[in-house]
Amino acid sequence: TTSRQDLQSAARLLKGQALRGLGRFDDAATEMRAVADANPLVAAAVRLELEDMWLQNNQPDQAAGAVRERTAERSDSRSG
């Protein structure tokens, strides 16, 4: 069964992808980060998607931020 949280995460992720397609990268990142923060099961995949988005749009500093967030998540999951 699909939970309400899963549906909300999916809706926000779709919104983020749509904003990405429109070239509204900051808005897309906001939506996608919200999904990653709310749903730890998909957080790593969403952060990879963010990294890819920034790299494709020649924004390596933003991509590096996504990598740092992903690395921090892995460290947290190992220590906890």
Side-chain angles (χ1 to χ4, degrees):
T1 163
T2 305
S3 74
R4 179 174 174 82
Q5 180 183 11
D6 290 341
L7 292 174
Q8 288 174 331
S9 292
R12 288 196 89 166
L13 190 56
L14 285 172
K15 183 178 178 183
Q17 291 295 337
L19 290 165
R20 178 182 180 180
L22 294 171
R24 293 176 51 191
F25 304 116
D26 290 333
D27 294 333
T30 298
E31 290 297 327
M32 294 166 76
R33 278 191 197 100
V35 171
D37 292 344
N39 192 337
L41 295 176
V42 298
V46 171
R47 300 242 190 259
L48 279 172
E49 190 71 21
L50 278 166
E51 178 185 348
D52 182 58
M53 176 183 78
W54 291 124
L55 288 174
Q56 285 182 0
N57 292 286
N58 298 318
Q59 296 189 34
D61 291 343
Q62 294 285 4
V67 170
R68 281 191 298 275
E69 290 171 357
R70 194 165 33 94
T71 303
E73 286 171 0
R74 282 200 307 253
S75 296
D76 290 346
S77 68
R78 288 182 187 153
S79 65

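Keep in mind the model is a prediction, meaning the values are calculated, not measured.
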Under 4.5 Å side-chain linkage, directly or through intermediates, the cluster mates of Val42: Leu13, Phe25, Met32, Val35, Val46, Leu50, Met53, Trp54
Qualifying residues under side-chain contact (heavy atoms from CB on, under 4.5 Å), relative to Leu55, sequence neighbours excluded: Glu51, Ala63
Show your working on salt bridge (charged side-chain N to carboxylate O under 4.0 Å, His left out) between Arg47 and Asp37 and close with a plain yes or no. CA-CA 10 Å; Arg47 300 242 190 259; Asp37 292 344; 2.9 Å; yes
So, for Ala43 and Ala36, which heavy atoms are closest and what is the spacing to 0.1 Å? CB-O, 3.4 Å
Partners meeting side-chain hydrogen bond (donor to acceptor under 3.5 Å, both in side chains) with Gln59 (sequence neighbours left out): none
Residues at least two apart in sequence or cross-chain that pass side-chain contact (heavy atoms from CB on, under 4.5 Å) with Gln8, listed by chain then number, are Arg4
Check salt bridge (charged side-chain N to carboxylate O under 4.0 Å, His left out) between Glu31 and all other residues, then give those that pass, not counting sequence neighbours. Arg12, Lys15
Rounded to the nearest 0.5 Å, how far does CG of Asp26 lie from CG of Leu19? 10.5 Å
Residues forming a side-chain hydrogen bond (donor to acceptor under 3.5 Å, both in side chains) with Asp27, sequence neighbours excluded: Arg24
